[in-house]
Amino acid sequence: MSPGDNIRWVDAPVTTSDVRGEQLSASTTGSGASSRGSRGGKLYRGDPGVWSWVAHRITGVLTFFFLFAHVLDTALVRVSPNAYDKVIALYKNPLVNVMELGLVGAILYHALNGLRVMLVDFWAKGVRYQRLMLWVIIAVWVVVMIPSAYFMLQYNVEKLFGSN
């Protein structure tokens, strides 16, 4: 007996419901006019879980590219300390400060959502509570980002408008 012998394949249409509770079919031959956009194509509005998945992938890629750039600029110390000093001086630009805030937001979201994904995968009740956990991590993200934004952007305000 091979490992695949226990699998029973069933030919059944795959359906899901949209936000209005109407059934959508995975096939392209269906005539579900309510699921079609103004141009006649299928319209997918998404689910918060799907957008969470997309945001998790995007924040992961952004974090990877930041780490890559960070390793490169730190490696400049050994090649040319003067070049390193110029790059670090570039980082004191107010625009870079705003980008750093975005980086903090991306890393924080990626970390919190990663914890949620682990709970969904390894906790028996994780799937049942995954939507609630998504809203909890969004709330925690907002609560942490508000003071982070204040303190991080304080540099920009002092640089652009002068300090007291």
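All figures in this text were calculated on a predicted structure; none of them were measured in a lab.
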Checklist entry - Distance only, no hydrogens: is a donor on one side chain within 3.5 Å (strictly under) of an acceptor on the other, for Y91 and D73? => result yes
Checklist entry - Between the side chains of Y109 and S52, is a donor N or O closer than 3.5 angstrom to an acceptor N or O? => result yes
Checklist entry - With sequence neighbours excluded, what pairs up with D85 under the side chain to side chain donor-acceptor pair (under 3.5 Å) test? => result none
What's the shortest heavy-atom distance between [X] and [Y], and which atoms?
X: L76; Y: V87; answer: CD1-CG2, 3.6 Å
X: K159; Y: P94; answer: CG-CG, 4.2 Å
X: V120; Y: G126; answer: CG2-O, 3.7 Å
X: A149; Y: L101; answer: CA-CD1, 3.6 Å
X: R116; Y: Q130; answer: NH1-OE1, 3.0 Å
X: N97; Y: M152; answer: OD1-O, 2.8 Å

Check for me, please, whether [X] and [Y] land in the same ILVMFWY cluster - side-chain distances under 4.5 Å, paths through other members count.
X: W141; Y: V98; value: yes
X: V50; Y: L132; value: no
X: V77; Y: I88; value: yes
X: F151; Y: M145; value: no
X: Y129; Y: L119; value: yes

Rounded distance (nearest 0.5 Å) linking atom [atom1] of [X] with atom [atom2] of [Y]:
X: T59; Y: N113; atom1: OG1; atom2: CG; result: 7.5 Å
X: I58; Y: W51; atom1: CD1; atom2: CH2; result: 8.5 Å
X: W53; Y: R57; atom1: CH2; atom2: CZ; result: 5.5 Å
X: L67; Y: L62; atom1: CG; atom2: CG; result: 11.0 Å

Is there a side-chain contact between [X] and [Y] in this structure, where contact means two heavy atoms from C-beta onward sitting under 4.5 Å apart?
X: T74; Y: V71; value: no
X: K92; Y: Y155; value: yes
X: M133; Y: W123; value: yes

Next on the checklist: Between M99 and L103, does the side chain to side chain contact (heavy atoms under 4.5 Å, CB included) criterion hold? Intermediate values first, please.
Outcome noted: CA-CA 6 Å; M99 290 169 52; L103 175 67; over 6 Å; no
Checklist entry - Are any side-chain N or O atoms of H110 and backbone N or O atoms of H56, one a donor and one an acceptor, separated by less than 3.5 Å? => result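 It does hold such a pair.
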Item to check | Over 12 foreign heavy atoms within 6.0 Å of CZ, F65 | outcome: no
